[in-house]
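These numbers come from the heavy atoms of this one structure, side chains and all, not from hydrogens, waters or symmetry mates. As the structure is a computational prediction, the values presented were derived from the model and not from experiment.
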Amino acid sequence: MAFRAPPSHLPLESDSSSRFLPSIVALMVALLTFSIVGLAALHDSVGQWSGQIEGSLSIQVPPTELANRSPAEREAALQGTVDSIIEQVSTMPGIARIEELSPDTMAALLEPWLGPDEVISELPIPRIIEVTPETGFNFDAVERRLGVIAPEAVLDDHRIWIERIADVAFSVELALALLIIVLFGATMLSVVFATRSGLSIHHRIIELLHLIGAQDGYIARQFGRHNQRLAFFGALIGLLIALPVSALIGWLGMRAGWPVPSLVLSPTFIGLIVAIPFIVAMVAGITATRTVLRVLHRML
């Protein structure tokens with residue numbers, strides 16, 4: 001890809017397009033990079049989070065009809081129900097691990113909202129049993145077994161939430177993908193307008209070149225190389241703007257506790273980001289060349 005301008009009979013460097021085309025391309029490429037990084041981060045994060053949800057279930061054992069008992073009697077009755085559930089469900093196929101969430105852990109989770117442990121101990125707090133499924137797990141069978149052991153127990157089904165999250169994530173990903181296409185198309189459209197502007201400005205010179213034997217292909221290559229060079233430097237500036245801002249957003253996200261998406265750090269993704277200026281420049285050169293050939297075919 002030639003980015004140094006060879007000798008040309010067209011004074012393209014003095015065109016107005018030389019001033020505004022790199023700025024437009026830089027803005028479009030910056031937005032394009034933000035969209036690509038956001039799409040990759042969203043896809044990776046939702047996949048990781050969904051995988052974590054799918055890898056665990058929970059059984060809630062509420063203190064139904066036990067609220068009027070003393071705290072000691074209520075806790076003893078709940079503990080008996082929890083022990084019975086763990087004992088019988090653990091023998092079912094597809095259960096990799098099953099254990100109760102300790103009262104201390106529950107108290108620590110509820111303390112910011114309900115106050116110190118002394119207050120929590122006086123409240124009818126449900127018991128939580130964590131279940132890690134494996135191959136062969138049958139949700140309906142476990143739910144039926146719970147209905148026999150403890151009808152008040154509830155097996156949380158995360159599949160509904162996963163489906164909803166997947167639907168929302170797919171919609172956002174589709175919107176980002178369409179935005180990427182629109183931004184890329186707008187970038188190439190700006191190249192077309194800049195090329196047509198250059199053709200109008202140098203219309204007389206182009207006619208003179210034709211009179212002395214210049215072919216359409218020669219003129220088209222002049223415009224193609226010129227716009228290719230402008231698009232490359234504009235895209236490079238846009239990328240240099242987008243990457244630090246994306247890194248800053250990622251750093252702020254890490255401070256807030258968000259994990260860094262592994263896809264964003266993969267060599268393939270990094271290579272794609274680095275290749276953006278070259279891809280934009282190549283397509284811009286082809287677009288400019290074809291635009292000139294099409295216009296000259298109509299003009300002359």
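- Contacts of Glu99 classified as salt bridge (Lys or Arg N to Asp or Glu O under 4.0 Å), with partners at least two apart in sequence or in another chain: Arg97.
- Counting Ile, Leu, Val, Met, Phe, Trp and Tyr side chains that sit under 4.5 Å apart, directly or through other members, Val182 stands alone, with no cluster partners.
- Glu87 is linked by a side chain to side chain donor-acceptor pair (under 3.5 Å) to nothing, counting only residues two or more places apart in sequence or in another chain.
- Ile59 has its side chain within reach of Val131: a pair of non-hydrogen atoms, C-beta onward, lies under 4.5 Å apart.
- For Asp83, the side chain to side chain contact (heavy atoms under 4.5 Å, CB included) partners are Gln79, not counting sequence neighbours.
- In this structure, CD1 on Ile86 lies 11.5 Å from CD1 on Ile95, to the nearest 0.5 angstrom.
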Donor-acceptor pairs under 3.5 Å, side chain of residues 24-36 to any protein atom, not counting sequence neighbours: which ones?
unit_1, atom_1, unit_2, atom_2, d
Thr33, OG1, Val29, O, 2.8
Ser35, OG, Leu31, O, 2.9

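- Taking each heavy atom of Ala194 and Asn227 in turn, the nearest pair found is CB-OD1, 4.1 Å.
- Take Val172 and apply the side chain to side chain contact (heavy atoms under 4.5 Å, CB included) test, not counting sequence neighbours, and it matches Leu42, Val168, Leu176.
- For residues 173-185, the side chain to side chain donor-acceptor pair (under 3.5 Å) pairs, not counting sequence neighbours, are His43-Glu173.
- Heavy-atom minimum distance, Ala281 versus Ala231: CA-CB, 4.2 Å.
- Distance check, rounded to the nearest 0.5 Å: CE of Met188 to CG of Leu183 gives 11.0 Å.
- Residues near Val148 contribute nothing to a hydrophobic cluster around it, because no ILVMFWY side-chain heavy atom sits closer than 4.5 Å to its side chain.
- Qualifying side chain to side chain contact (heavy atoms under 4.5 Å, CB included) partners for Ile149, counting only residues two or more places apart in sequence or in other chains: Ser84, Ile85, Gln88, Val89, Arg145.
- Phe269 approaches Val37 most closely through the heavy-atom pair CZ-CA, 3.9 Å.
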Stepwise side chain to side chain contact (heavy atoms under 4.5 Å, CB included) test for Val61 and Ile129: CA-CA 8 Å; Val61 186; Ile129 302 173; 4.2 Å; yes
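- Leu236 is linked by a side chain to side chain contact (heavy atoms under 4.5 Å, CB included) to Phe232, Leu240, Pro277, counting only residues two or more places apart in sequence or in another chain.
- Ile241 and Leu243 fall into different hydrophobic clusters, defined by Ile, Leu, Val, Met, Phe, Trp and Tyr side-chain heavy atoms under 4.5 Å apart, directly or through other members.
- Hydrophobic side-chain contacts under 4.5 Å tie Phe193 into a cluster, directly or through other members, with Leu189.
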Give the C-alpha distance, both sets of side-chain angles, the deciding distance and a yes or no for side chain to side chain contact (heavy atoms under 4.5 Å, CB included) between Asn138 and Met92. CA-CA 9 Å; Asn138 188 320; Met92 299 183 66; over 6 Å; no
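- Expressed to the nearest 0.5 Å, how far CD of Gln60 lies from CG of Leu155 amounts to 9.5 Å.
- Between the CZ atom in Arg196 and the CZ atom in Arg294 there is a gap of 6.0 Å [rounded to 0.5 Å].
- In this structure, Ile270 CD1 and Ile273 CD1 are separated by 9.0 Å, a value rounded to the nearest 0.5 Å.
- Here the straight-line distance linking atom CG of Leu21 with atom NE2 of His226 works out to 7.5 Å at 0.5 Å rounding.
- Following chains of ILVMFWY side-chain contacts shorter than 4.5 Å, one cannot reach Ile237 starting from Val191, and the two form parts of different hydrophobic clusters.
- Here the closest non-hydrogen pair linking Thr289 and Gly224 is OG1-CA, 3.4 Å.
- The closest side-chain heavy-atom distance from Thr291 to Phe223 is not below 4.5 Å.
- The hydrophobic cluster containing Val154, built from Ile/Leu/Val/Met/Phe/Trp/Tyr side-chain heavy atoms closer than 4.5 Å, comprises no other residue.
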